[in-house]
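Along the sequence shown, residues are numbered consecutively beginning with 1. Here the structure is a predicted model, which is why all the values come from computation and not from measurement.
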Amino acid sequence: MSSWRFSSVWSRFFGFTPAQPARSVPPLPKRPAPQAARIVSREALEIEWLLRCLPPSVQMGLRPALLALKRARPYSGALPVDDYTWPDMPGVWRPPYSAAVLKMKTLEGLRARLHDDLSLGVAALYAPEPVLPRPMRNALLAMQGRRLGQVSEALARWLRPEEALLVFQQELY
(Lines give C-alpha, C1' and ligand atoms only; values in the text may rest on other atoms or scores of the structure.)
Protein backbone atom coordinates (compact mmCIF):
# COMPACT_ATOMS: atom_id res chain seq x y z
CA MET A 1 0.00 0.00 0.00
CA SER A 2 2.72 2.44 0.92
CA SER A 3 4.65 1.65 -2.27
CA TRP A 4 1.53 2.29 -4.35
CA ARG A 5 1.00 5.55 -2.52
CA PHE A 6 4.65 6.49 -2.96
CA SER A 7 4.61 5.67 -6.67
CA SER A 8 1.34 7.48 -7.23
CA VAL A 9 2.75 10.60 -5.63
CA TRP A 10 5.75 10.50 -7.94
CA SER A 11 3.55 9.73 -10.92
CA ARG A 12 1.39 12.75 -10.18
CA PHE A 13 4.46 14.88 -9.64
CA PHE A 14 5.86 14.04 -13.04
CA GLY A 15 2.45 14.25 -14.71
CA PHE A 16 1.98 10.57 -15.67
CA THR A 17 -1.47 10.20 -14.17
CA PRO A 18 -4.18 12.72 -13.56
CA ALA A 19 -4.24 14.00 -9.99
CA GLN A 20 -7.09 12.73 -7.93
CA PRO A 21 -9.02 15.28 -5.96
CA ALA A 22 -7.46 15.76 -2.55
CA ARG A 23 -9.45 15.15 0.56
CA SER A 24 -10.87 18.29 1.95
CA VAL A 25 -8.76 19.28 4.88
CA PRO A 26 -9.81 22.30 6.85
CA PRO A 27 -7.24 25.08 6.69
CA LEU A 28 -5.01 25.50 9.68
CA PRO A 29 -5.97 28.37 11.94
CA LYS A 30 -3.70 31.35 11.61
CA ARG A 31 -1.42 31.91 14.53
CA PRO A 32 -1.55 35.34 16.05
CA ALA A 33 1.49 37.39 15.30
CA PRO A 34 3.93 37.39 18.20
CA GLN A 35 3.82 40.61 20.06
CA ALA A 36 7.20 42.14 20.56
CA ALA A 37 8.09 43.01 24.11
CA ARG A 38 8.42 46.71 24.49
CA ILE A 39 11.63 47.69 26.15
CA VAL A 40 11.87 51.42 26.45
CA SER A 41 15.63 51.73 26.81
CA ARG A 42 18.85 49.82 27.31
CA GLU A 43 18.63 50.67 31.01
CA ALA A 44 15.18 49.09 31.24
CA LEU A 45 16.45 45.95 29.50
CA GLU A 46 19.31 45.61 31.97
CA ILE A 47 16.89 46.02 34.86
CA GLU A 48 14.70 43.29 33.33
CA TRP A 49 17.73 40.96 33.29
CA LEU A 50 18.25 41.58 37.00
CA LEU A 51 14.59 41.16 37.99
CA ARG A 52 13.75 38.25 35.69
CA CYS A 53 13.36 35.52 38.36
CA LEU A 54 11.48 37.55 40.96
CA PRO A 55 7.73 37.31 41.50
CA PRO A 56 5.71 39.73 39.31
CA SER A 57 4.60 41.86 42.25
CA VAL A 58 8.20 42.38 43.37
CA GLN A 59 9.29 43.12 39.79
CA MET A 60 6.61 45.78 39.41
CA GLY A 61 7.55 47.36 42.73
CA LEU A 62 11.30 47.41 42.10
CA ARG A 63 11.44 48.33 38.39
CA PRO A 64 10.68 52.07 38.79
CA ALA A 65 12.93 52.38 41.84
CA LEU A 66 15.89 50.72 40.08
CA LEU A 67 15.41 52.84 36.98
CA ALA A 68 15.29 56.03 39.03
CA LEU A 69 18.35 54.99 41.07
CA LYS A 70 20.31 54.09 37.96
CA ARG A 71 19.61 57.46 36.38
CA ALA A 72 20.19 59.47 39.56
CA ARG A 73 23.21 57.75 41.06
CA PRO A 74 26.47 58.16 39.15
CA TYR A 75 29.02 55.38 38.98
CA SER A 76 31.67 55.67 41.63
CA GLY A 77 34.48 53.37 42.59
CA ALA A 78 35.68 50.17 41.08
CA LEU A 79 33.46 47.24 40.24
CA PRO A 80 33.99 44.44 42.78
CA VAL A 81 35.21 41.97 40.14
CA ASP A 82 36.42 39.51 42.77
CA ASP A 83 32.81 39.02 43.87
CA TYR A 84 31.74 38.10 40.33
CA THR A 85 34.56 35.82 39.28
CA TRP A 86 36.06 32.58 40.49
CA PRO A 87 39.82 32.07 40.76
CA ASP A 88 41.43 30.51 37.69
CA MET A 89 38.21 30.79 35.65
CA PRO A 90 37.82 33.27 32.79
CA GLY A 91 34.85 35.64 32.73
CA VAL A 92 32.08 35.96 35.24
CA TRP A 93 30.33 33.01 36.76
CA ARG A 94 28.16 32.88 39.83
CA PRO A 95 26.67 29.48 40.58
CA PRO A 96 23.14 29.20 41.91
CA TYR A 97 22.73 28.79 45.62
CA SER A 98 22.38 25.32 47.01
CA ALA A 99 18.81 24.68 48.15
CA ALA A 100 20.12 23.17 51.39
CA VAL A 101 22.08 26.32 52.21
CA LEU A 102 19.07 28.59 51.75
CA LYS A 103 16.78 26.30 53.77
CA MET A 104 19.07 26.56 56.78
CA LYS A 105 19.19 30.36 56.72
CA THR A 106 17.21 32.44 59.16
CA LEU A 107 15.32 35.54 58.13
CA GLU A 108 18.31 37.70 59.07
CA GLY A 109 20.66 35.47 57.08
CA LEU A 110 18.40 35.67 54.03
CA ARG A 111 18.25 39.45 54.34
CA ALA A 112 22.05 39.55 54.42
CA ARG A 113 22.21 37.40 51.26
CA LEU A 114 19.60 39.63 49.64
CA HIS A 115 21.59 42.74 50.53
CA ASP A 116 24.81 41.30 49.09
CA ASP A 117 23.20 40.05 45.87
CA LEU A 118 21.18 43.20 45.34
CA SER A 119 24.20 45.44 45.89
CA LEU A 120 26.26 43.39 43.40
CA GLY A 121 23.48 43.62 40.82
CA VAL A 122 23.05 47.35 41.34
CA ALA A 123 26.83 47.89 41.06
CA ALA A 124 26.74 46.07 37.72
CA LEU A 125 23.85 48.28 36.59
CA TYR A 126 25.78 51.45 37.45
CA ALA A 127 29.07 50.43 35.85
CA PRO A 128 29.78 52.26 32.59
CA GLU A 129 30.29 50.24 29.43
CA PRO A 130 34.09 50.68 29.27
CA VAL A 131 34.34 49.11 32.73
CA LEU A 132 31.81 46.33 32.12
CA PRO A 133 31.05 45.49 28.45
CA ARG A 134 27.46 44.64 27.50
CA PRO A 135 27.81 40.86 27.00
CA MET A 136 29.55 40.52 30.34
CA ARG A 137 27.01 42.82 32.00
CA ASN A 138 24.06 40.85 30.60
CA ALA A 139 25.53 37.54 31.75
CA LEU A 140 26.27 38.95 35.17
CA LEU A 141 22.81 40.49 35.56
CA ALA A 142 21.16 37.23 34.49
CA MET A 143 23.19 35.28 37.07
CA GLN A 144 22.39 37.80 39.77
CA GLY A 145 18.73 37.67 38.78
CA ARG A 146 18.74 33.90 39.24
CA ARG A 147 20.34 34.22 42.67
CA LEU A 148 17.87 36.95 43.69
CA GLY A 149 15.03 34.67 42.59
CA GLN A 150 16.37 31.88 44.81
CA VAL A 151 16.61 34.22 47.80
CA SER A 152 13.09 35.47 47.06
CA GLU A 153 11.76 31.89 47.10
CA ALA A 154 13.47 31.29 50.42
CA LEU A 155 12.03 34.52 51.81
CA ALA A 156 8.55 33.35 50.79
CA ARG A 157 8.76 30.78 53.59
CA TRP A 158 9.00 33.59 56.13
CA LEU A 159 7.13 36.53 54.58
CA ARG A 160 3.98 37.36 52.64
CA PRO A 161 4.49 38.84 49.14
CA GLU A 162 3.79 42.40 50.32
CA GLU A 163 6.33 42.05 53.12
CA ALA A 164 8.90 40.57 50.72
CA LEU A 165 8.52 43.63 48.48
CA LEU A 166 9.13 45.89 51.47
CA VAL A 167 12.27 43.92 52.36
CA PHE A 168 13.56 44.25 48.79
CA GLN A 169 12.87 47.99 48.80
CA GLN A 170 14.59 48.46 52.18
CA GLU A 171 17.67 46.58 51.00
CA LEU A 172 17.74 48.58 47.78
CA TYR A 173 18.17 51.92 49.55
Side-chain angles (χ1 to χ4, degrees), residues 32 34-87 89-173:
Q35 295 188 5
R38 292 188 152 205
I39 302 295
V40 179
S41 65
R42 180 71 195 172
E43 296 168 331
L45 178 63
E46 291 171 352
I47 290 171
E48 290 300 319
W49 277 110
L50 184 62
L51 301 179
R52 71 187 180 93
C53 293
L54 295 176
S57 61
V58 175
Q59 286 182 14
M60 289 174 38
L62 289 180
R63 193 175 293 125
L66 278 172
L67 193 56
L69 277 175
K70 181 171 173 35
R71 290 179 178 168
R73 192 183 294 179
Y75 175 73
S76 62
L79 190 67
V81 177
D82 293 338
D83 293 335
Y84 296 121
T85 59
W86 288 82
M89 292 187 81
V92 297
W93 186 68
R94 304 232 37 212
Y97 287 121
S98 167
V101 169
L102 290 178
K103 281 184 180 178
M104 293 188 315
K105 292 284 181 187
T106 62
L107 182 58
E108 291 78 24
L110 289 172
R111 284 186 73 144
R113 290 276 173 150
L114 176 65
H115 176 76
D116 293 343
D117 285 333
L118 203 53
S119 63
L120 285 174
V122 169
L125 282 175
Y126 295 153
E129 198 165 330
V131 174
L132 189 62
R134 279 187 185 172
M136 204 172 202
R137 177 191 320 264
N138 289 347
L140 190 120
L141 290 172
M143 287 183 277
Q144 282 304 111
R146 180 184 58 203
R147 290 169 68 102
L148 284 172
Q150 287 181 301
V151 173
S152 174
E153 287 175 8
L155 277 172
R157 292 181 309 156
W158 298 89
L159 305 171
R160 293 190 312 265
E162 312 85 45
E163 295 171 333
L165 175 60
L166 288 174
V167 168
F168 269 89
Q169 289 173 336
Q170 289 170 355
E171 296 300 329
L172 185 61
Y173 295 108

Counting distance only, does the side-chain N/O of Arg52 pair as donor-acceptor with the main-chain N or O of Gly145 below 3.5 Å?
no
All heavy atoms of Leu125 vs all of Arg137, minimum pair found to be O-NH1, 3.7 Å
So, taking the atom named CG in Leu148 and the one named CG in Asp117, what distance separates them when rounded to the nearest 0.5 Å?
5.5 Å
Check whether any side-chain heavy atom of Asn138 sits under 4.5 Å from a side-chain heavy atom of Leu45, and report yes or no.
no
Across all chains, not counting sequence neighbours, the side-chain hydrogen bond (donor to acceptor under 3.5 Å, both in side chains) partners of Gln150 are none
Give the minimum heavy-atom separation between Leu132 and Ala127, together with the two atoms involved.
CB-CB, 4.0 Å
Residues passing the side-chain contact (heavy atoms from CB on, under 4.5 Å) test with Glu162, sequence neighbours excluded, are Arg160
Has Gln144 got a side-chain atom pairing as donor or acceptor with Leu118's backbone, closer than 3.5 angstrom?
no
Glu153 CD to Lys103 NZ distance, which is reported to the nearest 0.5 Å:
11.0 Å
Rounded distance [0.5 Å steps], CZ in Phe168 versus CZ in Arg111:
11.0 Å
Do any N or O atoms from the side chain of Arg63 and from the backbone of Leu51 form a donor-acceptor pair under 3.5 angstrom?
no
Sidechain-backbone polar pair: Arg147 side chain, Tyr97 backbone, donor-acceptor under 3.5 Å:
no
Note: Ser152 and Leu54 closest approach over all heavy atoms is CB-CD2, 3.7 Å
Minimum heavy-atom separation for Leu141 to Gly121, with atom names?
CD2-O, 3.7 Å
Could you tell me if the side chain of Leu140 sits less than 4.5 Å from the side chain of Trp49, heavy atoms only?
no
Is any side-chain heavy atom of Leu69 closer than 4.5 Å to a side-chain heavy atom of Leu172?
yes
Closest non-hydrogen atoms of Leu67 and Ala44, given as atom of the first, atom of the second and distance, are CD1-N, 4.3 Å
Just by distance, do the side chain of Arg146 and the backbone of Cys53 share a donor-acceptor pair under 3.5 Å?
no
Is there side-chain contact between Arg157 and Leu110, with at least one heavy-atom pair below 4.5 Å?
yes
